[in-house]
Student: 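Have a look at the structure that comes next, please.
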Amino acid sequence: MDPITLRLPHTVQQPQELASYGPTTRTTQPLVTGTSVVAFKYKDGIIMAADCLGSYGSLARFRNEKRLTQVGEKTLLGVSGDMSDYQFLQHKLEDIITHEYDMDDEQTLSTKSVYKYLTNIMYGRRNKFDPLWNAYVVGGIDNGEKVLGFVDMYGTTYSSDTISTGFGNHLAQPILRRRVEGRTDQITEEEAVEILDECMRVLLYRDCRTFNKLRRAKVTAQGVEISEPYSLETNWTFAEDIVGY
Amino acid sequence: MTSIGTGYDLSVSTYSPDGRVFQVEYAQKAVDNSGTAIGLRVKDGVVLAVEKIKHSRLLVPNSNKRIMTAGKHIGVASAGWMSDTRHLVKRVRDEAHNYHSIYKADIPAKIIAERMGMYVQAYTLYSSVRPFGVSTLLACKDKDGPQLYMLEPSGEYVGYRGCAAGKGKQVAKTEIEKLNFEELTVREAVKEAARIIYTAHDEAKDKLFELELSWICAETNWLHSHVPQDVLDEAVQFAENSLDEDDEMDDEE
């Protein structure tokens, strides 16, 4: 039974009461954002790419953001959307990793577990009408099986051989459909890198919230490997032919 | 204990006329009944070792761990009641987590020792509670390097180069005092720790025991973990050999 509480006009209101008429306490717009993540399965595992930009609106505000990270021993996480929500989530992930380490049972969190945890968090937050303003890509190898999943701020989840977020859904996904789908087991690392660079180049040309400093990451049976930032070769000579703007 | 039964030992909130709190001293007795636990802090790491006395042959080897990890870079070994230990380990984890969630940095050894000291000490103040029957060894790594603290049931905590608690603590302490902490490496310390536990073990009292060893060093990436099986085997071999040598020397005399 609920305890009987005395409510006097001058007492501090409980948060749930404030919510009905107080200030908005949920995120209504993202502030510092990261743009697309592109990922797909290939012969040896999962490959992923994202640039290093944290945009503040249209301003290229933070130019050394790390948007691909390792979670635990065998999972790769890519993020787009609000960078502070991402940092908050990183703390939570660190907590569960530490908790798992403390168990000292020679087990580590599998990619599927990390993915499930993430989807629970994201769906739970959307049900509180206070979402984490992100789209995440989770990749890894779980008991020899390649896992590649997506979850966004609405709690939408799906797994696929090819995954992209944001603008990548419009610009990279068609390329991935053509070049990756149906032949993931034949794609060598060399080809995977080439496909990824093609996607990132198109995004670089068309997406105004990206820039030419990006990282690539892969998960193979050997573990997670995240590259140092690198740049793509571009050719802007066609620019002078563009008319009509 | 001269004043036993004079009525001053019923509550932890009552001093005896000569200024002692008997309940805290009894808690210390609980610690002294337990298998030995030692810690060694050397220049490049910390080692924890425990003589885990087995009350039955039916126990699964390596089960019922007495050295636990609390927040990746902290190791906890204890002598005393295991149930109390588990409670304290949970507290260490909570404190480490709390510190990390505020500062995004691993809790320094000094701070975790102090927080745990405050917690344990609070259980020496109220008649409604009983002090913890454990001495806790905290191995930790922070910016000042490897650290070792021991926490008593009274709430007193002290930093050490080497420390011991439990049944064999007198023997263990004598052995620890002989070590050269300036020179000792963590690899050697693991062997020495094994030897000391084997030396402190009293075959007459407890037949079955298992050695538990853990460390924090560069090799573990400064995380706390149990030593790998091959290192453990090597340490046990070293301990048994040095015990045999001692026996032979005794025979010659």
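Predicted model, so just to flag it, every value in this text is computed and none were measured. Every chain is numbered from 1 and lettered A, B, ... according to where its sequence line falls, protein lines coming before strand lines.
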Student: For B:Glu240, is the CD atom crowded, meaning more than 12 foreign heavy atoms sit under 6.0 Å from it?
Tutor: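 Yes.
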
Student: So that I can tick it off, tell me whether A:Asp102 and B:Lys72 are bridged by a salt bridge, with the cut-off set at under 4.0 angstrom between side-chain N and carboxylate O.
Tutor: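 Salt bridge absent between B:Lys72 and A:Asp102.
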
Student: Can you tell me if A:Lys116 has over 12 outside heavy atoms packed within less than 6.0 Å of its NZ?
Tutor: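 Not more than 12 within 6.0 Å, no.
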
Student: Is the count of non-hydrogen atoms from other residues, nucleotides or ligands lying under 6.0 Å from B:Tyr119 atom OH greater than 12?
Tutor: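 Atom OH in B:Tyr119 is crowded, with more than 12 foreign heavy atoms closer than 6.0 Å.
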
Student: Would you mind checking which part of B:Ser225 comes under 4.5 Å of any heavy atom in chain A, side chain (CB onward), backbone (N, CA, C, O), both or neither?
Tutor: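 For B:Ser225, heavy atoms of backbone and side chain both lie under 4.5 Å from chain A.
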
Student: Please round to the nearest 0.5 Å and tell me the distance separating atom NE2 of B:His226 and atom CD of A:Glu106.
Tutor: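 Between B:His226 NE2 and A:Glu106 CD, I get 9.5 Å after rounding to 0.5 Å.
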
Student: Quick check on B:Lys65: does its NZ atom have over 12 non-hydrogen neighbours (other residues, nucleotides or ligands) under 6.0 Å away?
Tutor: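 More than 12 within 6.0 Å, yes.
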
Student: With a 6.0 Å cut-off (strictly less than), is the heavy-atom count around OH of A:Tyr154, excluding the residue itself, greater than 12?
Tutor: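 No.
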
Student: Report yes or no: does A:Tyr101 contribute a side-chain atom to a donor-acceptor pair with the main-chain N or O of B:Leu223 at less than 3.5 Å?
Tutor: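 Side chain of A:Tyr101 to backbone of B:Leu223: no pair is present.
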
Student: State, with a plain yes or no, whether a side-chain heavy atom of B:His97 is found less than 4.5 Å away from one of A:Thr98.
Tutor: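 Answer no - side chains too far apart.
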
Student: Do B:Arg93 and A:His99 have side chains that approach each other closer than 4.5 Å (heavy atoms only, starting at C-beta)?
Tutor: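 No - every pair of side-chain heavy atoms lies 4.5 Å or more apart.
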
